[in-house]
Amino acid sequence: MNDAMPEWTRVPEDVAPRMNRTGTDCTAPKARRVRVECGELPFIIKRDGTWLYRGSPIARKELVCLFSGVLKREADGSFWLETPAERGKIEVEDAPFVAVELDWTGSGNDQVLSFRTNTDQIVTAGSEHPIRVAHDLLTCEPTPYLHVRDGAGRLPVEARISRAVYYELVALAEPCCVQGRRMLGVWSNGCYFPLGELPPGEDMG
């Protein structure tokens, strides 16, 4: 259509479909691209956060950050790299990320804890990003994790909190009674996250 056409032949844009120069309706549904299933991909994320491709570390951090941005977790707990065009399953030894740095402001229940991961994501602990502590079945050694983002099911994508950062959390910890148990934990964004149970006889004051 051009400006020489009579005014009455023009249809308002909110009524007529938007057309491109070839006259094709640009608002018509497009054929949906079928995502290619690639099966097992030769990627492994080590427990220390190192990404391996065909057994060799990926040296460029930019690439690691790019891949980590398309990392998904399925309801069965498996990890996948997924783009609009293709997806493939990868191996993760523990958690795909590592929390390597801690920053905090405030104190008590006004305290806010922010973590930096090995891929430079900043995650602030709170109701949407809880901290949990798992214990080894044999040694009972604690391993803390931070919820980075949701997965497809109840299992989230997490960052393992490094040992050095965990020691910082312990230094910030305060005692609190949780469901009748005397716990030691940290506050962030109004949420209390237990790190461990206080030994019998330990003063909560």
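For clarity, every value in this text was computed on a predicted model and none was experimentally measured.
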side-chain hydrogen bond (donor to acceptor under 3.5 Å, both in side chains) partners of Tyr145, counting only residues at least two apart: Asp94
Beyond-backbone contact of Ile161 with Thr143, side-chain heavy atoms, under 4.5 angstrom: no
Transitive ILVMFWY side-chain link Met183 to Val170, under 4.5 Å: no
Keeping to residues at least two apart or across chains, list the salt bridge (Lys or Arg N to Asp or Glu O under 4.0 Å) pairs with something in residues 113-123. Lys61-Asp120, Glu101-Arg116, Arg116-Asp120
If you measure from the Lys or Arg side-chain nitrogens to the Asp or Glu carboxylate oxygens, is any gap between Lys46 and Glu93 under 4.0 Å? yes
Common cluster, Ile44/Ile58, ILVMFWY with side-chain heavy-atom separation under 4.5 Å: no
In the single-linkage hydrophobic clustering (I, L, V, M, F, W, Y; side-chain heavy atoms under 4.5 Å), do Tyr166 and Leu172 co-cluster? yes
Between Phe79 and Leu146, is there shared hydrophobic-cluster membership here, with clusters defined by ILVMFWY side-chain heavy atoms closer than 4.5 Å? yes
Sort and list the pairs that fulfil salt bridge (Lys or Arg N to Asp or Glu O under 4.0 Å) and have at least one residue in residues 133-150, not counting sequence neighbours. Glu141-Arg163
Besides Leu155, the hydrophobic cluster formed by Ile, Leu, Val, Met, Phe, Trp and Tyr side chains linked at under 4.5 Å, directly or via other members, contains none
Spell out, as yes or no, whether a donor-acceptor pair under 3.5 Å connects the side chain of Asn109 to the backbone of Gly190. no
Distance-minimising heavy-atom pair for Val133 and Pro194: CG2-O, 3.9 Å
Side chains of Pro96 and Val157: does their closest heavy-atom pair fall under 4.5 Å? yes
Holding to salt bridge (charged side-chain N to carboxylate O under 4.0 Å, His left out), I want the full list of residues that pass it with Lys72, two or more places apart in sequence or in another chain. none
Taking atom CG of Asn189 and atom CG of Asp110, what is their separation to the nearest 0.5 Å? 10.0 Å
Side-chain (Thr117) to main-chain (Gln121) donor-acceptor, under 3.5 angstrom: yes
One pair to check against side-chain contact (heavy atoms from CB on, under 4.5 Å): Phe115 and Ile131. What are the steps and the verdict? CA-CA 11 Å; Phe115 298 82; Ile131 298 169; 3.9 Å; yes
So, using side chain to side chain contact (heavy atoms under 4.5 Å, CB included) as the criterion, who are the partners of Val36 when residues are at least two apart? Cys38, Glu86
What is the distance from atom CG of Leu71 to atom CG of Leu66, rounded to the nearest 0.5 Å? 12.0 Å
For Glu197, what residues pass the salt bridge (charged side-chain N to carboxylate O under 4.0 Å, His left out) criterion, not counting sequence neighbours? Arg181
I'd like to know if the side chain of Arg73 and the backbone of Trp80 have a donor-acceptor N/O pair within less than 3.5 Å. no
Heavy atoms only: give me the nearest Leu113-Val186 pair and the separation to one decimal. CD1-CG2, 3.8 Å
For the hydrophobic clusters of this structure (ILVMFWY residues joined by side-chain heavy atoms under 4.5 Å, transitively), does one cluster hold both Val112 and Tyr192? no
Counting only N and O atoms by type, is there a donor-acceptor contact under 3.5 Å from the side chain of Ser162 to the main-chain atoms of Ala99? yes
Does a salt bridge link Arg87 with Glu74, judged by any charged N lying under 4.0 Å from a carboxylate O? yes
Distance-minimising heavy-atom pair for Gly126 and Cys191: C-SG, 4.0 Å
Measure the CG-CD1 distance between Leu41 and Ile90 for me, rounded to the nearest 0.5 Å. 7.5 Å
Decide yes or no on side-chain contact (heavy atoms from CB on, under 4.5 Å) for Trp187 and Glu174, but give the supporting numbers first. CA-CA 8 Å; Trp187 288 93; Glu174 300 179 6; 3.7 Å; yes
Not counting sequence neighbours, list each pair that qualifies as a ring pair (Phe, Tyr, Trp, His ring centres under 6.0 Å) and has a residue in residues 44-64. Phe43-Tyr53
Kindly determine whether Leu184 and Leu195 satisfy side-chain contact (heavy atoms from CB on, under 4.5 Å), including the steps that lead there. CA-CA 6 Å; Leu184 192 67; Leu195 300 178; 5.6 Å; no
Check Arg132 against Glu158 and note the closest heavy-atom contact, atom names and distance. NE-OE2, 2.8 Å
Partners meeting ring pair (Phe, Tyr, Trp, His ring centres under 6.0 Å) with Trp104 (sequence neighbours left out): none
Run the salt bridge (charged side-chain N to carboxylate O under 4.0 Å, His left out) test against Glu91 and tell me which residues pass, sequence neighbours left out. none
Can you list the residues that meet the side-chain hydrogen bond (donor to acceptor under 3.5 Å, both in side chains) rule with Arg60, with sequence neighbours excluded? none
Check side chain to side chain contact (heavy atoms under 4.5 Å, CB included) between Gln179 and all other residues, then give those that pass, not counting sequence neighbours. none
Ala125 versus Ser188, closest heavy-atom pair with distance: O-OG, 2.7 Å
Compare every heavy atom of Ala95 with every heavy atom of Ile45, then report the nearest pair and how far apart it is. CG2-O, 4.4 Å
Side chains of Leu198 and Pro175: closer than 4.5 Å at any heavy-atom pair? yes
Using the side-chain contact (heavy atoms from CB on, under 4.5 Å) rule, take Glu62 and Phe67 through it: C-alpha gap first, then chi angles, then the decisive distance, then the call. CA-CA 9 Å; Glu62 296 87 351; Phe67 288 134; over 6 Å; no
Under the 3.5 angstrom rule, does the side chain of Arg160 hit a backbone N or O of Arg47 as a donor-acceptor pair? yes
